[in-house]
Amino acid sequence: MTSTNPATRGSVDLIKLVCWAGIAGYVVLKVVRLQQGATLGELFDFGDPSLWGLMVGACVVGLILRSPKIRRAATLIEANETRAVTWSFTTVFTVMAAYYFLRPVRDSMASDWTDAEISQLWTIQFFLSLALVMIYGFACSRIRFRLLVPAVYTFYAVTFALFFFSSSFVTDRVLIDKGFYVWVSLFSLFHLSVFWSFMADTFSLEQSKRLFPFIAAGASAGAAAGPLVVAVIVSDVGNDNLMLLAAGILLLSIPMVLYLQRLKVVDLHNESVQANLGAASMGGKWWQGFQDFATSPYLLTIGLFILLYTAIQTFIYLETNDLLRIYEEREQRTTILALRDAAVNILTFGLGLFVTNRIVKRLGMPWTLALLPVFCALGFVILAMAPILSVLLAVDIARRAGEYGITRPAREMLFTSVDRETRFKTKPVVDVVVYRGGDAWWGGVFAFLSESVALGFAAMSLVGAGVAVAWVASGIYLGRTFNRRARHDEAPVAIARREAAT
């Protein structure tokens with residue numbers, strides 16, 4: 001059975017027309033510049049992005065969604081799902097773009113502070129994150145889900161606007177800047193988690209298997225487009241105006257969410273689909289997750305692996321801040337960090353699409369988990385010999401892309417070998433307590449070594465290399481432990497299949 005749309009039959013598709021016009025305009029612009037003597041390197045300089053390039057990317061996505069044959073072949077989207085998927089893609093694109101408008105602004109502030117001050121902020125962030133996770137879990141069990149998602153995004157958008165207005169009226173901005181730094185970090189905990197809970201409430205299980213990968217591409221696209229736009233406009237609009245722009249972009253997601261709630265009924269007919277918020281609500285004894293974590297050697301090994309990762313992340317982050325201090329204007333730092341974020345997300349998208357699954361199959365879990373630590377160890381040794389910003393940024397881009405595209409997906413697989421109840425109760429402990437606690441702990445260690453012991457950049461890089469070697473060992477051990485648990489879990493199933501066959 002095929003559905004028809006009388007509104008579009010026999011009429012010009014305005015969206016397709018606009019998309020083709022945008023692509024044609026981009027090609028004409030490049031041809032004109034080529035005739036004027038521009039080289040190919042100048043025409044396609046990814047270090048100097050343009051809004052034209054971002055527009056063409058949006059036009060290509062638009063053409064895919066408007067072409068039934070391409071849409072069905074490339075994305076497995078059914079006709080009645082097109083509007084819902086398109087708006088879901090656009091919503092997560094918008095939310096991620098808003099966050100990545102703020103992230104380089106936040107990170108550019110850190111170079112104005114000492115390592116000890118940043119360590120103190122991370123300690124505050126750790127306790128606030130823990131409290132906010134509990135508050136959100138309580139809200140999930142008390143507030144209607146229809147209102148929860150718009151309420152979270154509206155609340156954060158209002159707070160970002162308040163930071164903008166506060167920065168205009170307050171003379172001494174140090175306290176406001178530090179509050180903004182911590183607040184954006186808290187926002188990073190929830191913006192995607194809330195969105196995917198909303199998607200689970202919108203699409204059925206069968207639809208999610210087909211549609212979520214395409215929708216997830218919207219998150220990667222937004223994470224790449226946001227910092228690219230920031231890199232283009234920050235020198236003209238300034239850091240403070242980016243706060244207000246991000247608040248406005250985040251508010252754009254509210255009508256999209258409300259419209260998707262309508263499409264859930266009108267197009268998808270998924271009235272019976274309800275999000276399972278049991279994982280988010282903090283039911284039972286509040287300390288149960290901590291107890292399960294502390295009494296399980298396997299979970300403790302996962303915790304150690306993540307703790308060592310936060311050490312590497314902290315060393316690179318603070319060393320980047322040290323080298324960025326040569327740029328006195330925050331807008332210059334914001335441009336550099338925005339281009340870094342864009343490069344990371346473009347690489348992550350490619351790794352997730354083409355590489356990660358093949359690496360796990362070819363190398364196995366132990367060496368998949370050890371791959372990024374090995375690279376980091378080598379990267380720190382190179383930094384000790386060439387302690388310059390360009391080398392550090394290259395190592396950081398590769399490190400973060402490898403984390404998001406390879407190590408993080410493999411790390412999530414580790415939780416498939418524990419039961420569902422343990423997974424839900426201990427995952428917040430790992431994601432919040434261990435991760436944020438590791439940031440706070442290693443921030444203090446780094447501040448002590450750099451300011452009290454007065455180790456130089458090269459010496460700190462060698463310390464990072466030593467930590468990375470320990471991280472390699474923990475990754476191999478954790479991967480082998482996972483394999484043993486997987487074989488143990490599969491053995492009863494294999495025996496049952498052989499008995500059934502005989």
Side-chain angles (χ1 to χ4, degrees), residues 90-113 118 121-122 124-125 128-129 131-133 135-136 139 143 147-198 218-219 222-258 330-331 333-335 337-338 341-342 345 436:
T90 307
T91 302
V92 72
F93 177 96
T94 302
V95 172
M96 287 297 287
Y99 170 62
Y100 274 93
F101 260 57
L102 297 168
R103 178 168 176 157
V105 175
R106 177 201 68 179
D107 291 345
S108 70
M109 295 175 174
S111 293
D112 289 336
W113 309 319
I118 297 173
L121 291 178
W122 285 356
I124 295 171
Q125 176 182 302
L128 289 178
S129 298
L132 205 56
V133 166
I135 293 172
Y136 178 68
I143 300 176
L147 303 176
L148 180 64
V149 180
V152 170
Y153 288 158
T154 301
F155 171 72
Y156 272 107
V158 170
T159 60
F160 295 140
L162 289 176
F163 275 111
F164 166 77
F165 290 114
S166 299
S167 64
S168 303
F169 293 107
V170 176
T171 306
D172 186 6
R173 291 189 42 173
V174 175
L175 184 61
I176 290 179
D177 287 347
K178 290 183 176 180
F180 177 79
Y181 182 93
V182 172
W183 194 244
V184 172
S185 299
L186 295 177
F187 176 61
S188 69
L189 279 174
F190 290 99
H191 69 288
L192 266 185
S193 177
V194 170
F195 172 80
W196 286 113
S197 294
F198 176 52
L228 284 176
V229 174
V230 169
V232 173
I233 68 175
V234 65
S235 59
D236 296 323
V237 304
N239 273 11
D240 291 345
N241 288 322
L242 289 177
M243 300 179 191
L244 192 61
L245 285 172
I249 293 172
L250 190 57
L251 284 177
L252 290 177
S253 67
I254 306 304
M256 299 179 191
V257 169
L258 297 176
R330 284 185 179 176
E331 285 74 16
R333 302 177 211 152
T334 300
T335 300
L337 294 171
D341 289 343
N345 285 291
R436 297 300 181 184

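Under the rule for a side-chain contact (heavy atoms from CB on, under 4.5 Å), the partners of D240 that lie at least two apart in sequence or sit in another chain are F164, S167, R173, M243. Residues forming a side-chain contact (heavy atoms from CB on, under 4.5 Å) with I249 (at least two apart in sequence, or on another chain): T94, A98, F101. Under the rule for a ring pair (Phe, Tyr, Trp, His ring centres under 6.0 Å), Y100 has no partner lying at least two apart in sequence or in another chain.
Here the side chains of V234 and N241 are not in contact, with every heavy-atom distance at 4.5 Å or above. Side-chain atoms of L252 and T91, non-hydrogen and from C-beta on, never get closer than 4.5 Å to each other. By the 4.5 Å heavy-atom criterion applied to side chains, W183 and L128 are not counted as neighbours. Counting only heavy atoms from C-beta outward, the side chains of M109 and K178 never approach each other to under 4.5 Å.
In summary, the side chains of S235 and E331 do not present any donor paired with an acceptor at a separation below 3.5 Å, with no hydrogens or angles considered.
In this structure, F180 CZ and L162 CG are separated by 12.0 Å, a value rounded to the nearest 0.5 Å.
For the pair R330 and D107, the salt-bridge criterion is not met [side-chain N within less than 4.0 Å of a carboxylate O].
Just one of R436, R106, R103 meets the side chain to side chain donor-acceptor pair (under 3.5 Å) condition when paired with S185; it is R106.
When all heavy atoms of S108 and N239 are compared, the closest pair comes out as OG-ND2, 3.2 Å. Between P104 and D341 the shortest heavy-atom distance is CD-OD2, 3.9 Å.
Between F160 and F187, the distance separating the two ring centers is shorter than 6.0 angstrom.
Taking the six-membered ring where the residue is Trp, W113 and Y181 present perpendicular rings, their angle passing 60° and hence far from 30°.
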